[in-house]
There are 2 protein chains.
Amino acid sequence: MTEKATPSPEAIKAWARLMRVSRQLVESVEDALKEGGLPPLAWYDVLHELAEAGEGGLRPFQLIERTLFAQYNISRLLARLEADGLVEKLPVADDGRGQTIRITAKGRETRRRMWTVYGRSIAELVGGKLSADELKMMSTLLGRLRDPPVLD
Amino acid sequence: MTEKATPSPEAIKAWARLMRVSRQLVESVEDALKEGGLPPLAWYDVLHELAEAGEGGLRPFQLIERTLFAQYNISRLLARLEADGLVEKLPVADDGRGQTIRITAKGRETRRRMWTVYGRSIAELVGGKLSADELKMMSTLLGRLRDPPVLD
DNA sequence: TGCATATAGATGCAATTGCATCTACCGTCA
DNA sequence: TGACGGTAGATGCAATTGCATCTATATGCA
């Protein structure tokens, strides 16, 4: 087999940078959001998916697939979002176990306000550091690390 | 000013992939460690830094700089590591407030066992997906996103 | 020296996460 | 139909994180 138990120095270095950079970037964004009195990044992820989904909403298990959050995590996050009036839970007709989550107007508004901060952070932290071509290269390389890999 | 409030599509895409991939990779490694009955990744980070530092050890604030963990996080993580006998806390001569943290033999052993799992994950998840040149490219690009940027 | 301010690290308490499990409903197949 | 395994989501409890603050020592400076 070609699988190696010991990673190459190049792999270790790329890994280490990936870990460090992603942590640093997440922290920067979280700080910026807090600074603006806004909810944490996790809320954005969910609101974003729900906004994209539109009026039809999404089932919690679909949110899990899209966001990679754990099931219990989504369950509680949705409870918090609902308590804040940012989403609403609707019963779903053909499956008595489930529910559909729909973003509310207030939820869209919160998402919009978060994006002004989040988007600016992305522009500064990433957009401002690499050219468009470099960003594309980066996306391509990262896509190959995804599971399943994205081959574009 | 050249700073933009709205990120380019390329920046957004690179960001999204970075977020998703890093989460996915961390989760894979955490799962592998758990599977092996080993402590979480955070322990490795600290043990690694301490092992590199050698007999002289490191002050907690140096660990904070190196690992990016929050101060209270390091404080408690070190308490757990000490409780497990993986590190020892020594008073420091010229600063009565501080202490020096040194890895123990048991700590080195734990780190070694973690590395067999961690290293294999890196080899599979990263080393196995990109060529050496691609890994170098990736490191270079990520280095530019670091703060402070690494220009190599 | 003596006070103000800064730094190193710990900690009480609230919020969140992780784990395991639970409830409720669904689908299948005898 | 009805027993059974599977899926959707919630939840009790322990561990961890985040926040704010606290203690203790160090440092700068009048």
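Hydrogens, waters and symmetry mates play no part in the numbers below; they use all other heavy atoms, side chains included. Chain letters run A, B, ... following the sequence lines, proteins first and then strands; every chain starts at 1.
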Practice task
Please state whether the rings of B:Tyr44 and B:His48 are parallel, tilted or perpendicular, taking 30° and 60° as the class boundaries.
Solution key: parallel
Exercise for the section: Let me see the working for B:Glu109 and B:Lys106 under salt bridge (Lys or Arg N to Asp or Glu O under 4.0 Å), right down to the final yes or no. Expected result: CA-CA 5 Å; B:Glu109 168 62 13; B:Lys106 185 178 174 194; over 6 Å; no
Completion exercise
Of A:Gly96 and B:Leu78, the one whose closest nucleotide on DNA chain C sits nearer the 5' end is B:Leu78
Practice task
Cation-pi check, B:Arg111 to B:Tyr118: give yes when NZ or CZ is under 6.0 Å from the six-membered ring centre and within 45° of the ring axis, no otherwise.
Solution key: no
Exercise for the section: Please list, by residue number, the residues of residues 31-55 of chain A whose heavy atoms come closer than 4.0 Å to an atom of DNA chain D; answer none if no residue qualifies. Expected result: A:Lys34
Handout entry: N/O donor-acceptor pair under 3.5 Å between A:Arg59 side chain and A:Gln99 backbone
Key = yes
Exercise for the section: Following the transitive rule for hydrophobic clusters with a side-chain heavy-atom cut-off under 4.5 Å over Ile, Leu, Val, Met, Phe, Trp and Tyr, establish whether A:Leu125 and B:Val150 coincide in one cluster. Expected result: no
Practice task
Show your working on salt bridge (Lys or Arg N to Asp or Glu O under 4.0 Å) between B:Arg108 and B:Glu55 and close with a plain yes or no.
Solution key: CA-CA 12 Å; B:Arg108 288 182 191 278; B:Glu55 287 310 304; 3.5 Å; yes
Handout entry: Student check: side-chain heavy atoms of A:Val126 and A:Met138 closer than 4.5 Å
Key = no
Practice task
Report yes or no: does A:Ser121 contribute a side-chain atom to a donor-acceptor pair with the main-chain N or O of A:Val29 at less than 3.5 Å?
Solution key: no
Handout entry: Residue B:Glu27 excluded, over 12 heavy atoms near CD under 6.0 Å
Key = no
Completion exercise
Whether each nucleotide of nucleotides 4-9 of chain C has a protein heavy atom under 4.0 Å at its base (B), only at its sugar-phosphate (S) or at neither (-) is summarised, 5' to 3', as ---BSB
Completion exercise
chain B vs DNA chain D, heavy-atom contacts under 4.0 Å, first-to-last nucleotide span, 5' to 3', is D:dT16 to D:dA26
Exercise for the section: Check the surroundings of atom CE in B:Met114: do more than 12 heavy atoms from other residues, nucleotides or ligands lie under 6.0 Å from it? Expected result: yes
